[in-house]
Amino acid sequence: MTRLSRYLLPTEKEAPADAEALSHRLMVRAGLVRQVGSGLWTWLPAGWRVHQRISAIVREELDAIGALEMLMPVIQPAELWKRTGRYPIEELFKLNDRRGAELVLAMTHEEVVTSHVAQIVRSYRDLPLILYHLQVKGRDEPRPRAGVLRTREFVMKDSYSFDRDQEGLEHSYARHIEAYDRIFERAGLRWYRVAGDVGVMGGTGAHEYMAPCAAGENEVALAPGYAANVEVATAQAKPVELPAALGAPAALDTPGATTIAAVGGLLGLEAGAMLKAFPVHVEERGLVLVMLRGDHRVNEVKLAAALAAPWRPASAEEIASAIGPPGFIGPVGAQLPVLLDAGVADGPYVTGANLADTHLRGVEPGRDFAYERVDVRSVEAGDLVGGAPITIEPAIEVGNIFQLGTRYSKALGASFLDEQGAEQAIWMGCYGIGIARIAAAAVEQFADERGISWPAAIAPFAVHLVALGKPGSAERELAERVYETLREGGVDVLYDDREAGAGEKFADAELLGAPLRLTVGRRTLESGEIEAQLRRGSVALAGIAPADALAAVEELCRSLA
RNA sequence: CGGGGCGUGGCGCAGCCUGGUAGCGCACUCGCUUUGGGAGCGAGAGGCCGUCGGUUCAAAUCCGACCGCCCCGACCA
């Protein structure tokens with residue numbers, strides 16, 4: 001029943017005052033979602049149709065790679081999470097039952113799925129295996145935001161692959177890449193698959209699927225043939241002009257100039273002509289001096305990867321006692337390892353002299369200090385990849401795929417016997433997709449000043465049929481017949497049969513964003529043609545004769561798919 | 001967790017500074033008119049002013065505590 005007069009579609013002329021992100025404003029205004037609490041959302045009927053259409057695409061593509069759908073519980077014993085060491089995670093919702101037993105609200109399902117596999121899988125003959133489900137996840141987010149983009153409860157498709165070795169894992173991973181590429185393509189998004197950070201999970205590979213949009217929380221570096229999360233992106237730095245070389249470093253009087261900006265101002269130098277020292281304390285290694293070009297910034301994710309150990313910025317005391325006066329430290333003469341960022345080219349730079357109120361000019365890496373080369377800076381717009389300048393766009397992470405290895409299988413005893421009868425740990429991968437984020441990203445990417453403009457594949461309705469004229473009029477009777485014809489023909493049609501003005505109906509149709517709008521009114525009676533209009537583009541469509549309505553609409557829908 | 005802002009009918013807001021028993025627009029109900037881009041006239045319904053406490057003859061308004069929500073940052077396997 002999709003007569004608007006009998007449907008729940010609470011459209012609003014004005015967005016809630018606290019809604020800022022475009023998708024937040026439009027999804028509420030279009031009557032798709034309503035907020036229950038911070039980061040907690042109800043999907044109203046039309047919104048849920050979008051959600052379901054996305055889920056259907058996800059299911060089809062996962063089934064196509066042989067993944068098996070199942071369903072695991074949201075509430076789980078805390079014990080499982082203690083065994084994998086994830087119980088202390090702050091975002092994990094913890095609760096107790098009436099007897100005081102400790103439970104959690106699952107944020108993902110590695111623990112449960114792995115414990116099942118540990119019990120069920122015995123032999124290499126049982127592998128490989130890909131299991132998935134669509135299930136609610138709970139996360140005690142420090143800051144829910146932007147409507148449905150970052151919430152405390154959300155439906156996620158998560159799949160898990162189980163293989164006998166790394167080669168098998170890589171194969172399952174590759175299959176997921178195929179499925180994911182098709183899913184995001186079919187959903188009609190603008191998307192990128194980017195290299196991701198493997199993080200502390202210690203996996204061997206990770207990619208993120210990113211949908212560029214203004215409300216995105218991540219940043220993606222893009223160049224022709226290149227896409228990476230800025231957390232891990234690598235690019236060739238824009239060159240800077242450096243002064244003439246000196247035979248040896250020479251001291252400069254720089255009283256009180258403890259920052260790059262201050263030194264630059266004092267000496268009339270641009271930041272890129274200086275070297276910035278970033279002293280860090282690395283676990284089991286001690287103090288290390290990281291040197292970057294003055295205009296570059298340390299990327300903490302890349303630094304963590306380069307150091308391969310936990311680290312923290314050195315304290316002022318450590319700097320003063322082991323290196324020099326804070327604000328004036330540098331690599332020349334420093335008695336500690338120096339890591340030189342890849343963005344630093346050969347040439348003379350100005351840098352701290354390890355003496356109060358003093359810098360050195362003419363400092364040349366290699367000649368004046370020994371170093372180990374690392375790549376730990378954040379790339380910037382205009383840096384080069386393959387000779388082309390990169391751009392940096394905000395994006396929302398709509399999916400991720402991750403090679404887990406044996407972290408969970410070892411913790412939970414998921415193993416199998418190989419052909420030789422030897423027990424082996426199972427190699428795992430995990431793969432997530434946020435359904436709501438796909439919907440929100442599509443809203444963000446394709447909305448215009450009139451409202452949402454859905455990709456046809458995930459629109460709540462394929463056709464929005466607007467009936468004009470008074471109830472009981474000849475045009476209304478015609479509209480009724482068109483509606484029944486389309487409905488019986490299996491078209492997803494929303495029929496606006498309300499008693500409302502034409503402007504209101506058109507505005508609601510444009511806000512809700514179905515790809516095709518049909519209008520039946522007095523003009524239809526006069527011309528003998530139903531007016532057809534696409535939500536996207538401004539191409540005028542030929543009218544449709546009422547007798548041909550079903551065939552013509554089916555043809556139009558096919559052309560939009 | 002740090003910084004900022006906001007809680008008054010379904011939505012958007014005014015009233016608070018200067019205390020005196022709540023108002024506007026939209027939406028809603030009924031009637032008449034209107035009917036291809038968010039209509040007109042008339043008549044209505046709807047609010048423990050986030051909660052608790054304090055000050056006062058009197059609190060939406062002043063004071064305190066708490067709760068909730070939003071934004072920026074931190075965080076986000």
Side-chain angles (χ1 to χ4, degrees), chain A residues 8-21 24-25 28-31 34-41 44 81 84-92 106-111 137 139-147 149-152 154 156 158 196-203 206 208 215-218 229 231 300-301 304 396-397 400-405 407-408 428 430-432 434 437 450-451 466-476 479 496 498-511 517-527 530-531 533:
Chain A
L8 184 68
L9 188 74
T11 56
E12 297 285 349
K13 219 179 260 191
E14 296 186 81
D18 56 18
E20 204 129 304
H24 183 182
R25 298 172 65 82
V28 172
R29 283 225 295 134
R34 278 284 165 107
Q35 185 168 13
V36 175
S38 180
L40 303 170
W41 290 84
L44 295 171
W81 291 72
T84 58
R86 297 211 293 178
Y87 190 68
I89 292 176
E90 287 195 39
E91 281 162 45
L92 184 64
M107 53 203 301
T108 62
H109 282 73
E110 280 87 358
E111 277 77 5
K137 306 289 180 253
R139 293 190 189 182
D140 192 358
E141 288 288 347
R143 185 151 100 82
R145 57 180 295 276
L149 275 181
R150 182 162 211 90
T151 56
R152 294 196 289 179
F154 57 97
M156 175 171 159
D158 42 327
D197 173 36
V198 289
V200 300
M201 307 282 295
E208 292 158 351
E217 301 180 293
N218 299 89
N229 192 323
E231 286 181 348
E300 299 195 358
V301 175
I396 186 72
E397 184 181 349
N400 64 66
I401 55 178
F402 201 98
Q403 297 186 24
L404 285 170
R407 179 189 186 308
Y408 290 92
M428 291 176 55
C430 65
Y431 316 86
R437 282 186 173 183
R450 294 175 301 169
V466 173
L468 301 178
K470 280 184 238 193
S473 63
E475 56 265 39
R476 283 296 194 117
D496 191 347
R498 295 174 302 174
E499 288 189 49
E504 191 176 345
K505 293 187 174 192
F506 291 148
D508 273 355
E510 282 153 0
L511 177 60
R517 189 181 93 200
L518 299 181
T519 307
V520 174
R522 205 178 48 230
R523 287 184 200 163
T524 310
L525 297 179
E526 289 163 0
S527 67
I530 300 165
E531 193 173 312
Q533 195 167 332

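Proteins get letters first, then strands, A, B, ... in listed order; numbering begins at 1 in each.
- B/rU8 and B/rC49: their P atoms are spaced 11 Å apart (whole Å).
- The side chain to side chain donor-acceptor pair (under 3.5 Å) search around A/H24 returns none, not counting sequence neighbours.
- In this structure, CD of A/E14 is placed 7 Å from C1' of B/rC11, rounded to the nearest angstrom.
- For B/rG37, the base has a donor-acceptor partner in the side chain of A/E510 [N/O atoms by modelled type, under 3.5 angstrom].
- Partner of A/T519 under the side-chain contact (heavy atoms from CB on, under 4.5 Å) criterion, out of A/E475, A/E531, A/Q533: A/E531 alone.
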B/S/- contact track for nucleotides 29-36 of chain B, protein heavy atom under 4.0 Å: ------BB
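- With sequence neighbours excluded, the residues forming a side-chain contact (heavy atoms from CB on, under 4.5 Å) with A/E300 are A/W311, listed by chain and number.
- With sequence neighbours left out, the salt bridge (Lys or Arg N to Asp or Glu O under 4.0 Å) criterion links A/E12 to A/R34.
- Residues passing the salt bridge (Lys or Arg N to Asp or Glu O under 4.0 Å) test with A/E90: none are found, sequence neighbours excluded.
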Can you name the atoms? Protein N/O to nucleotides 74-76 of chain B N/O, anything below 3.5 Å, with the distance.
residue	atom	partner	partner atom	Å
B/rC76	O2'	A/R150	NH2	3.1
B/rC76	O2	A/R150	NE	3.4
B/rC76	O2	A/R150	NH1	2.9
B/rC76	O2	A/R150	NH2	2.3

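- Qualifying salt bridge (Lys or Arg N to Asp or Glu O under 4.0 Å) partners for A/R152, counting only residues two or more places apart in sequence or in other chains: none.
- B/rC32 sits 44 Å from B/rC69 when the C1' atoms are compared, rounded to a whole Å.
- Using atom C1' as the reference point in both B/rA22 and B/rC48, the two lie 14 Å apart (nearest Å).
- Atom CZ in A/R498 sits roughly 15 Å away from atom C1' in B/rA39 (whole-Å rounding).
- Every residue meeting the salt bridge (Lys or Arg N to Asp or Glu O under 4.0 Å) condition with A/R450, not counting sequence neighbours, appears here in chain and number order: A/D448, A/E510.
- One P atom belongs to B/rG10, the other to B/rG46, and the distance between them is 13 Å to the nearest Å.
- Comparing A/R29 and A/L40 against RNA chain B, the residue whose closest nucleotide sits nearer the 5' end is A/R29.
- B/rU8 atom P lies 11 Å from atom CG of A/D18, rounded to whole Å.
- Using a 4.0 Å heavy-atom cutoff across all strands shown, A/A17 reaches sugar-phosphate atoms only and no base atom.
- Evaluation of the side-chain contact (heavy atoms from CB on, under 4.5 Å) rule for A/R150 yields A/E141, A/R145, A/E217, A/R437 as partners, not counting sequence neighbours.
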